[in-house]
Amino acid sequence: GMQEASADLQNYTSHEATVQPTTKLGKGIKALNVDIKDVKGTAIQISFGSTEWILPAASYTVAETVANKTCVVKVNGEAMKSGDIDVSLIGGKYYLNGLFANAAGQRVKLNYVGELAFVVGVDDPEASGYTLTIAPTQIVDWSTGAPVVNPNATKYIISIKNPEGQPAAYLEAVNANQLGHTDLAGEYTIQGNASEPWLMGNGYAFPQYNAIGGSYFVDEAGVARYITAGKIIISTVKDAEGQDLFSFEGADLETQSGVDGAAGKGSFK
């Protein structure tokens, strides 16, 4: 009868919650951790998975591990096996409405209304899955094929591949001799026959003459865009493991299409 049905449903209403330190899980996902107690002292621990540092209003599905839009819920230390929590944010207050079931199928209902103060942190820089190689080479004048003699400069060929291993960019950066990879960071100006530090060899595309080469990037349509003018910024940062990560950015570049040589504007990052 009525009593059996209600005995099977544990109902917890709470106005007391503590936000615990947020945990970085990687790839921009965070576990936002909240401890809730009701008047009887029941301890409910929730870890919400979010791409944001402040818990977004959404529905979170109970799971065994925290991922974006999932949550791990423990009631007095017992992990819940199924259910979800609806999170609303109204007038600066959070409304958490959850219905879960444990391994035995007993249901737990949670209602919490109150403020939750999350701390906004900083995501660790993480590799995108792109890879690069840097090869020091002699500077050559492509119009004559002859070496350019500048005892104070080296051309560093930077080849970038996307996570599938396809070419994403190829940049001919000129800088001082025998630099370490991270020493290449800075702003480069695209120029023909670049042979001085902080210049970058231009790209050119005249398919009708079979003359294609130099610095380029591949646009979102998969077309190689040879860079005829503009500036490229190389920057570096260390990830959580201390590895050097590189970023490459070019805005408002003059380009020629590797398909038909057509001139255009382009940007990449």
Side-chain angles (χ1 to χ4, degrees), residues 1-130 162-164 237 239-243 245:
M2 291 289 285
Q3 282 175 319
E4 285 166 357
S6 60
D8 190 41
L9 178 67
Q10 301 291 323
N11 206 339
Y12 300 110
T13 299
S14 172
H15 302 285
E16 187 190 337
T18 308
V19 174
Q20 301 293 353
T22 290
T23 317
K24 297 178 190 179
L25 301 177
K27 297 292 175 226
I29 307 290
K30 276 75 70 176
L32 304 179
N33 304 306
V34 181
D35 288 355
I36 296 175
K37 282 196 168 57
D38 77 343
V39 288
K40 302 178 203 127
T42 308
I44 299 177
Q45 295 172 295
I46 309 171
S47 291
F48 294 95
S50 170
T51 57
E52 298 173 41
W53 287 92
I54 294 173
L55 184 65
S59 183
Y60 296 80
T61 305
V62 173
E64 285 183 18
T65 55
V66 180
N68 190 30
K69 297 287 192 285
T70 74
C71 59
V72 169
V73 180
K74 289 180 180 173
V75 178
N76 287 334
E78 182 189 12
M80 297 293 104
K81 293 294 180 191
S82 62
D84 52 50
I85 306 178
D86 286 321
V87 175
S88 305
L89 187 53
I90 303 165
K93 280 191 176 171
Y94 276 97
Y95 292 74
L96 308 184
N97 293 298
L99 185 58
F100 329 114
N102 67 7
Q106 289 176 309
R107 291 179 305 150
V108 172
K109 193 173 184 196
L110 167 70
N111 291 296
Y112 169 80
V113 179
E115 292 181 1
L116 297 174
F118 295 96
V119 176
V120 175
V122 178
D123 288 309
D124 293 321
E126 290 185 90
S128 61
Y130 282 68
N162 69 15
E164 289 73 52
V237 68
D239 69 8
E241 279 78 55
Q243 295 186 98
L245 303 180

Option from I54, V87, V19 for which side-chain contact (heavy atoms from CB on, under 4.5 Å) with L116 holds: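 Considering I54, V87, V19, a side-chain contact (heavy atoms from CB on, under 4.5 Å) with L116 is found only for V19.
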Nearest heavy-atom neighbours spanning A57 and S88: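 Nearest pair, atom of A57 first, then S88: CB-CA, 4.2 Å.
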Where S128 and P163 come nearest, the two heavy atoms and their spacing: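 Shortest heavy-atom separation between S128 and P163 comes out as O-CG, 4.1 Å.
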ring-ring contact (aromatic ring centres under 6.0 Å, His included): pairs with one or both residues in residues 10-38, sequence neighbours excluded: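 Passing the test, one end in residues 10-38: no pairs.
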Pairs satisfying ring-ring contact (aromatic ring centres under 6.0 Å, His included), at least one member in residues 51-73, at least two apart: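 Of all non-adjacent pairs touching residues 51-73, those that pass ring-ring contact (aromatic ring centres under 6.0 Å, His included) are F48-Y60.
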E126 side chain to K27 backbone, donor-acceptor under 3.5 Å: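 Pair found, side chain donor or acceptor close to backbone of K27.
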Spacing of L9 atom CG and R107 atom CZ [to the nearest 0.5 Å]: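 It is 5.0 Å, given to the nearest 0.5 Å.
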Spacing of CG belonging to L110 relative to CE belonging to M80, to within rounding of 0.5 Å: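 Interatomic distance, L110 CG to M80 CE, rounded to 0.5 Å: 11.0 Å.
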Under the side-chain hydrogen bond (donor to acceptor under 3.5 Å, both in side chains) test, residues paired with S59 that sit two or more places apart: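 Checked S59 against side-chain hydrogen bond (donor to acceptor under 3.5 Å, both in side chains); matches are D86.
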side-chain hydrogen bond (donor to acceptor under 3.5 Å, both in side chains) partners for N111, two or more places apart: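 side-chain hydrogen bond (donor to acceptor under 3.5 Å, both in side chains) list for N111, sorted by chain: empty.
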Salt bridge (Lys or Arg N to Asp or Glu O under 4.0 Å) involving K24 - partner list, sequence neighbours excluded: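 Per chain and number, K24 pairs via salt bridge (Lys or Arg N to Asp or Glu O under 4.0 Å) with D124.
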Salt bridge (Lys or Arg N to Asp or Glu O under 4.0 Å) partners for D239, two or more places apart: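 Once residues adjacent in sequence are excluded, D239 has no partner under the salt bridge (Lys or Arg N to Asp or Glu O under 4.0 Å) criterion.
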Side-chain heavy-atom pair V73, V108 within 4.5 angstrom cut-off: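 A side-chain contact under 4.5 Å is absent here.
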Side-chain donor-acceptor pairs under 3.5 Å in residues 61-68, sequence neighbours left out?
none

For residues 31-40, run the donor-acceptor check on the side chains, cut-off 3.5 Å, and write out each pair with its distance to 0.1 Å, sequence neighbours left out.
residue: N33; atom: OD1; partner: S47; partner atom: OG; Å: 2.6
residue: N33; atom: ND2; partner: P21; partner atom: O; Å: 2.9
residue: N33; atom: ND2; partner: T23; partner atom: OG1; Å: 3.1
residue: N33; atom: ND2; partner: A31; partner atom: O; Å: 3.4
residue: D35; atom: OD2; partner: Q20; partner atom: NE2; Å: 2.9
residue: D38; atom: OD1; partner: K40; partner atom: N; Å: 3.1
residue: D38; atom: OD1; partner: G41; partner atom: N; Å: 3.1
residue: D38; atom: OD1; partner: T42; partner atom: N; Å: 2.8
residue: D38; atom: OD1; partner: T42; partner atom: OG1; Å: 3.1

Show me the donor-acceptor pairs, under 3.5 Å and distance only, between side chains in residues 91-104 and residues at least two apart or in other chains.
residue: Y94; atom: OH; partner: L55; partner atom: O; Å: 2.7
residue: N102; atom: OD1; partner: A104; partner atom: N; Å: 3.0
residue: N102; atom: OD1; partner: G105; partner atom: N; Å: 3.0
residue: N102; atom: OD1; partner: Q106; partner atom: N; Å: 2.8
residue: N102; atom: ND2; partner: E78; partner atom: OE2; Å: 3.3
residue: N102; atom: ND2; partner: Q106; partner atom: OE1; Å: 3.1

Summary of salt bridge (charged side-chain N to carboxylate O under 4.0 Å, His left out) pairs that have at least one residue in residues 114-123, sequence neighbours excluded: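 Sorted pair list: K30-D123.
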